[in-house]
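What follows is a single structure, written as structure tokens, with notes after it.
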Amino acid sequence: MRYLTGDVLSPNSAGSNRRRLGHLEELLDITSNEKSGTTNICASISITSKQSLMHQLVYDALVLLSKRQPMLRAVIATMANGDRYFEIKEINEVMKMFDITTSDVKGSDWQSVWFEYTAKPRGNGLLWRVVILQKEFMQDTKDYVNTLMFNFNHACIDGVSSVKFCEQFLNYMNELAIGTSSADEQICSLDLLPYYHEIVTRGRIWHSLFNFVLAYCGLRPIMKFCTVKMLNRLVQKMPNNPYHAKFSRKLEVSTVVPCRLSVKVFTEKETKDIIQACKSNVCTVTGAIAAAAHLAFCEVIGPDQSNSAMELGTPFAIDAQRFCDPKPHKEYLGYFVYTCENIYTEYLTVDTADFWKLAQETTQQIKDFVKKEAYVSEATVVTGLLEPRELLDLWVSDDLFVKGGCNVISSLGRFNFGNHQPETYILDECFINSLGHGLVYTFCHFIHTVNGKMTWQITSTDAVHTKHAEKFADLCFSMLRLLISPVNNFHYGK
């Protein structure tokens with residue numbers, strides 16, 4: 001799904017900041033129905049310490065974070081006319097709504113419960129919750145390991161913000177542990193921002209002119225009609241996803257984890273070697289990962305004469321904060337995501353695939369697309385003419401399931417934190433991914449590097465056969481391991 005947030009500020013009421021949901025209300029309606037989990041983000045962090053974790057510190061750290069971050073105080077309210085909006089609560093109200101629960105599941109088994117514990121927000125009204133898994137004691141290092149799983153409504157916070165949330169949360173935990181902060185500390189709240197697309201397009205004449213034409217020239221119905229017809233024709237002309245065209249949709253559904261997750265964490269040395277190999281071959285790590293995912297997908301499908309001339313699309317998530325003017329405060333947590341669907345790669349067989357050439361071509365496509373900022377114009381047109389539900393009906397339905405995308409790449413970037421003076425609580429692992437249950441994409445990839453270690457997570461829908469999901473993940477991860485082999489200029493499959 002793309003461009004499904006279109007919220008704007010409305011006047012303060014009853015002492016609370018309010019933000020109309022606009023396009024977002026449709027997204028929340030979709031989320032609350034049968035596709036629960038589709039637009040939620042899971043943030044799982046493991047922290048080590050020499051002493052057992054005090055749950056009061058978790059509570060106090062979240063109090064401090066909520067004082068600073070308006071989106072952590074947001075609840076969904078409905079007006080008499082049915083309009084829905086964000087209402088930013090006072091911190092004393094929010095503290096009563098905190099949802100902090102514990103689990104008997106060991107932290108090392110977090111993957112077995114990630115969907116169960118994070119698919120649906122609780123009914124407390126806040127857009128987030130946290131589950132603390134059972135702590136473990138490491139005999140070799142004499143450390144305690146505690147794993148906390150956060151769930152955010154995807155419309156509230158994105159992947160990059162989730163990593164920043166983990167960093168800020170850990171900083172507050174350590175400040176509280178050594179006594180330099182307390183939960184009673186007065187903290188200035190950041191402002192509630194408008195919809196990020198408004199910040200990006202602020203001052204752009206063409207954007208203002210387009211909205212003026214829609215508002216005052218009476219062209220909206222005509223343009224909307226033409227846009228719907230054009231998009232309908234575009235969707236119908238799209239080739240079928242070769243996976244669904246070749247394999248029947250026999251669901252192998254788990255009642256606990258209907259969306260599968262495969263995870264690979266590369267060591268610091270492996271990560272450095274992968275980065276160096278990509279630099280030596282004039283491509284980015286994201287370009288290499290996209291190439292690996294594409295080739296793995298082609299191998300899972302296998303040779304097929306009917307697919308030989310096909311080009312497969314790969315959507316990418318792009319952090320919109322870089323284009324905002326003025327830029328939001330660096331601490332701000334929120335949703336800033338453009339999704340592009342204009343990167344296409346030719347269907348390749350194993351014996352003809354030059355990995356580095358493909359990685360270079362993909363890298364260049366991404367760079368060109370980001371530079372042109374075509375998605376900014378697209379967002380202006382689409383959000384100005386169509387409601388999210390209308391757009392969703394065009395692209396996502398059971399009838400169009402076979403036309404769903406193959407791979408979605410979401411690269412959150414590189415982050416370094418927790419490497420300061422010796423601290424009480426030290427980050428061990430950090431996993432951030434979106435819950436893709438119900439989406440039509442076959443595989444979703446979430447990549448980020450924290451403290452020098454790159455993490456690659458792959459989710460697959462319940463329409464993918466288990467053996468294919470496992471084979472695909474193994475192919476992807478093994479391909480990156482090949483990058484750090486003594487011979488880097490290899491052909492895939494050789």
Side-chain angles (χ1 to χ4, degrees), residues 1-2 34-35 38 229-254 258-262 289-316 339-355 358 361-362 365 391-410 434 436-445 458-479 492-493:
M1 291 183 291
R2 53 181 182 171
E34 73 279 0
K35 293 183 179 179
T38 296
K229 290 294 185 182
M230 181 186 67
L231 290 178
N232 258 321
R233 181 173 176 80
L234 178 64
V235 172
Q236 295 299 329
K237 290 180 64 177
M238 290 173 56
N240 289 345
N241 181 319
Y243 180 87
H244 301 305
K246 187 168 183 177
F247 301 105
S248 59
R249 189 183 180 186
K250 293 181 179 178
L251 302 185
E252 300 174 10
V253 179
S254 165
C259 185
R260 302 182 195 85
L261 175 66
S262 301
I289 286 175
H294 177 74
L295 292 175
F297 185 86
C298 292
E299 181 163 338
V300 169
I301 301 301
D304 190 333
Q305 196 64 32
S306 62
N307 292 327
S308 58
M310 182 182 296
E311 287 189 338
L312 306 180
T314 303
F316 285 82
T339 303
C340 311
E341 300 194 17
N342 293 56
I343 310 300
Y344 293 96
T345 310
E346 183 182 354
Y347 187 92
L348 296 168
T349 56
V350 171
D351 57 350
T352 63
D354 185 331
F355 176 85
L358 180 59
E361 291 174 351
T362 304
Q365 284 193 70
L391 182 62
L392 195 74
D393 288 342
L394 288 175
W395 291 92
V396 181
S397 71
D398 286 339
D399 293 338
L400 297 175
F401 182 84
V402 294
K403 295 183 180 295
C406 306
N407 290 293
V408 180
I409 309 292
S410 183
S434 176
H437 180 51
L439 292 181
V440 297
Y441 299 114
T442 309
F443 298 104
C444 298
H445 306 260
I458 303 174
T459 61
S460 57
T461 69
D462 49 21
V464 178
H465 294 264
T466 301
K467 61 180 181 180
H468 294 151
E470 293 173 349
K471 178 181 180 180
F472 177 81
D474 289 342
L475 287 169
C476 287
F477 300 150
S478 62
M479 211 174 308
Y492 177 53

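- For the side-chain hydrogen bond (donor to acceptor under 3.5 Å, both in side chains) test, no residue two or more places apart in sequence or in another chain qualifies with H294.
- For the atom pair E299 CD and L295 CG, the distance stands at 9.0 Å (nearest 0.5 Å).
- F297 CZ to T345 OG1: the interatomic distance, rounded to the nearest 0.5 Å, is 12.0 Å.
- No side-chain heavy atom of F443 sits under 4.5 Å from any side-chain heavy atom of R260.
- Residues F316 and A290 come closest through the heavy atom pair CZ-CB, 3.9 Å.
- The line from CZ of F247 to NE2 of H468 is 4.0 Å long, rounded to the nearest 0.5 Å.
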Donor-acceptor contacts, no H, no angles, side chain residues 471-479, under 3.5 Å, sequence neighbours left out:
residue: S478; atom: OG; partner: D474; partner atom: O; Å: 2.8
residue: S478; atom: OG; partner: L475; partner atom: O; Å: 3.1

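- Of all non-hydrogen atoms in A291 and F355, the two that sit nearest each other are CB-CE1, 3.9 Å.
- Residues S460 and S262 have side chains not in contact (no heavy-atom distance under 4.5 Å, counting atoms from C-beta outward).
- Take Q365 and apply the side-chain contact (heavy atoms from CB on, under 4.5 Å) test, not counting sequence neighbours, and it matches I343.
- Side-chain contact check for T459 versus S434: every heavy-atom pair is 4.5 Å or farther apart.
- Put simply, OH on Y441 and CG on N407 are 11.5 Å apart, with the number rounded to the nearest 0.5 Å.
- Separation of atoms CD1 (I458) and CD1 (I289) is listed at 9.0 Å; rounding is to 0.5 Å.
- Heavy atoms only, all atoms of each residue included: V464 and A469 are closest at CG1-N, 3.9 Å.
- Note: N241 CG to T442 OG1 = 4.0 Å, rounded to the nearest 0.5 Å.
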